[in-house]
2 protein chains.
Amino acid sequence: MPNIRLVGTMTPAVEDYLKTIFLLSTRGEAVTTSALARELHVSSPSVSAMMKRLSDGRLVERETGVHLTAQGEREALRVVRRHRLLETFLARVLGMPWDEVHVEAELLEHALSERLEARIDAALGHPTRDPHGDPIPPAAGAHDESWGRSLAGTPAGSRFRVERVSDRDSDALRYLGEKGVRPGVVLEVGEQEPYGGSCRVLLGGEPLALGQVLTHLVFGTVVEGDA
Amino acid sequence: MPNIRLVGTMTPAVEDYLKTIFLLSTRGEAVTTSALARELHVSSPSVSAMMKRLSDGRLVERETGVHLTAQGEREALRVVRRHRLLETFLARVLGMPWDEVHVEAELLEHALSERLEARIDAALGHPTRDPHGDPIPPAAGAHDESWGRSLAGTPAGSRFRVERVSDRDSDALRYLGEKGVRPGVVLEVGEQEPYGGSCRVLLGGEPLALGQVLTHLVFGTVVEGDA
DNA sequence: GCCGGATGTTAGGCACGTCTAATTCATCCG
DNA sequence: CGGATGAATTAGACGTGCCTAACATCCGGC
Ligand SMILES: [Mn+2]
Ligand SMILES: [Mn+2]
Ligand SMILES: [Mn+2]
Ligand SMILES: [Mn+2]
């Protein structure tokens, strides 16, 4: 039989493109050819070609920029779910540090069967957050990917509860982990030193200086309550 | 820079071919084009093409049939090690039944980093056998892949200790598991019923009839000792 | 001794996923 | 207005890994 054309064929590359489109848009960034090329470390023509394929397969639509169809988003969420379940598993079960799990999950997410995914999910007690505080999309049902506010620009005097830490910069992640900046922690936000200086915070009473790069990686909410 | 030619590039396909060549030869079977095609579910020309590539890359040599070079065997053993470590992990840590782990490991073995492999190995306490009794090649050093003798043809009256059960037939494996035929178990071998009939055995005193297909999947040694 | 079947190779083709080079197009700036 | 700049696409190529069709070989049986 001569090559039945399955439009929805998921390959590792297709999964990575869909996931990246999803993550870019939930970060509020424009999903352009060049943004995808930068993010995926491929050339622009590679992205153009893939967008053609995804568009033919009804996984994305192209008007100004690119956006996922309902089906494309479903597939993207499945990949994101596998990725974050794997990160959680690697950290909790194998004790892998939170700055290493992302790279591993990038590979494994394409090799995880539904059966194994379900087993991992059950073994972890159906977790809702990965080690970085990223929400794990449920197997079925709605998903909320909101990022809260960035620590950068949060006014001095606020009490700030960390909810998510971006897992994209492994070195920064390790540093933050060493300093105790993790989801769930509450920071007392102090002075933002001018001209690109550090942001002074208190963590459990201890002073800590967080550079610009770091404050842009930390997300959460301002909480009221007793100092 | 125009395509540096890395001869030893491992891809999932290359890994599968090397692994299959290794397993065929350790099973004492001839490593021919058609045997590989059958084993890997690909056409003969696909095998021919791949043998050309592996041969160019000094991973195999071709005289009568095909055999691995020292480097090819090293790579094959790395894949087999990852496969069996993964099977062990899936069974022990995630409680996956022994007839399901092989299929999962087939995929995951290509996505396992050295770092994660080491973590899994340590978490399991450096196991030497997978759930089917297959020996796990060490990260470095010699490996013994001998199969012992098959239960088929073992004379009645023998006491037979099961050491390995082939993991290639998932249904048979589940059946044997249900009946308690696992590595470590000792069987009292009874009559082989003629003309392709069952082999009668006692397992823990309980009678059990094992068809031809099954006795050819069970390997071990004849042990002396008290009945 | 020849024929048929099994085995293996060559030839040609295709989907995937990437690349570089060239082109198109809009925009911004002097 | 016109040229530079940047973003995107088109054109052409390539390696991987698979396929089918055709051809070459060898080997056993009649
Ligand atoms: Mn991640
Ligand atoms: Mn994460
Ligand atoms: Mn196996
Ligand atoms: Mn096994």
Side-chain angles (χ1 to χ4, degrees), chain A residues 1-21 24-25 29-67 72 75 79 106-107 109-111, chain B residues 1-21 24-25 29-67 72 75 79 106-107 109-111:
Chain A
M1 70 215 86
N3 273 323
I4 296 163
R5 185 76 202 98
L6 289 203
V7 283
T9 313
M10 286 295 134
T11 64
V14 167
E15 290 179 342
D16 280 335
Y17 278 91
L18 292 178
K19 185 182 62 168
T20 303
I21 293 168
L24 274 179
S25 40
E29 296 175 37
V31 185
T32 59
T33 301
S34 43
L36 287 170
R38 196 183 326 113
E39 211 72 12
L40 289 159
H41 306 112
V42 296
S43 66
S44 300
S46 298
V47 176
S48 277
M50 183 58 91
M51 288 311 103
K52 171 101 179 53
R53 277 179 53 203
L54 296 183
S55 184
D56 290 351
R58 308 285 143 170
L59 294 168
V60 305
E61 271 163 16
R62 301 153 95 185
E63 333 166 321
T64 309
V66 172
H67 70 95
E75 296 296 342
V79 183
E106 277 301 326
L107 262 184
E109 65 192 5
H110 309 295
Chain B
M1 72 214 89
N3 274 324
I4 295 163
R5 185 77 201 95
L6 289 202
V7 283
T9 310
M10 285 295 134
T11 63
V14 167
E15 289 180 343
D16 281 334
Y17 277 90
L18 291 177
K19 185 181 61 167
T20 304
I21 294 168
L24 274 179
S25 40
E29 296 175 38
V31 185
T32 59
T33 300
S34 44
L36 287 170
R38 195 184 325 110
E39 210 72 13
L40 289 159
H41 307 110
V42 295
S43 66
S44 301
S46 299
V47 176
S48 278
M50 182 58 91
M51 289 310 105
K52 170 102 180 55
R53 275 178 56 202
L54 296 183
S55 184
D56 290 350
R58 310 282 142 171
L59 293 167
V60 306
E61 271 163 16
R62 302 155 93 185
E63 334 166 320
T64 311
V66 171
H67 70 95
E75 296 296 341
V79 184
E106 277 300 325
L107 261 183
E109 66 192 4
H110 308 296

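All values derive from a computational prediction rather than experimental measurement. Lettering of chains follows the sequences in order, A, B, ..., and the numbering in each one begins at 1.
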- Message: If the cut-off is 4.0 Å, is B:Ser34 near the phosphate of C:dG8, judged by side-chain N/O to OP1 or OP2?
- Response: yes
- Under 4.0 Å between a side-chain N/O of B:Arg38 and OP1 or OP2 of C:dA6, yes or no? no
Length of the line joining [X]:[atom1] and [N]:[atom2], which is rounded to integer Å:
X       : N      : atom1 : atom2 : value
A:Leu54 : D:dT9  : CG    : P     : 13 Å
A:Met51 : D:dA8  : CE    : P     : 12 Å
A:Leu36 : C:dT18 : CG    : P     : 12 Å
A:Asp16 : C:dC16 : CG    : P     : 16 Å
B:Lys52 : D:dG15 : NZ    : P     : 13 Å
B:Asp56 : D:dG15 : CG    : P     : 13 Å

- After noting the C-alpha distance and the side-chain angles of B:Asp16 and B:Glu106, does the key distance pass the side-chain contact (heavy atoms from CB on, under 4.5 Å) rule? CA-CA 9 Å; B:Asp16 281 334; B:Glu106 277 300 325; 4.0 Å; yes
- Gap separating the CD atom of A:Glu39 from the OG atom of A:Ser34, nearest 0.5 angstrom: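 So the CD of A:Glu39 and the OG of A:Ser34 are separated by 11.0 Å.
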- Message: Under 4.0 Å, heavy atoms only, any strand: does A:Ser48 hit a base, just the sugar-phosphate, or nothing?
- Response: base
Taking the side chain as C-beta and beyond, is there a heavy-atom pair between [X] and [Y] under 4.5 Å?
X       : Y       : result
B:Val14 : B:Glu75 : no
B:Tyr17 : B:Val42 : yes
B:Ile21 : B:Met51 : yes

- Task: Before giving the answer on side-chain contact (heavy atoms from CB on, under 4.5 Å), spell out for A:Val60 and A:Leu18 the whole-Å C-alpha distance, their side-chain angles and the decisive distance to 0.1 Å.
- Result: CA-CA 8 Å; A:Val60 305; A:Leu18 292 178; 4.3 Å; yes
Atom pairs, protein N/O to nucleotides 17-24 of chain D N/O, distance under 3.5 Å:
unit_1, atom_1, unit_2, atom_2, d
D:dG17, OP1, B:Thr11, OG1, 2.4
D:dG17, OP2, B:Thr11, OG1, 3.4
D:dG17, OP2, B:Arg53, NH1, 2.3
D:dG17, OP2, B:Arg53, NH2, 2.4
D:dC18, OP2, B:Tyr17, OH, 3.4
D:dC19, OP2, B:Ser43, N, 2.8
D:dC19, OP2, B:Ser43, OG, 2.9
D:dC19, OP2, B:Ser46, OG, 2.6

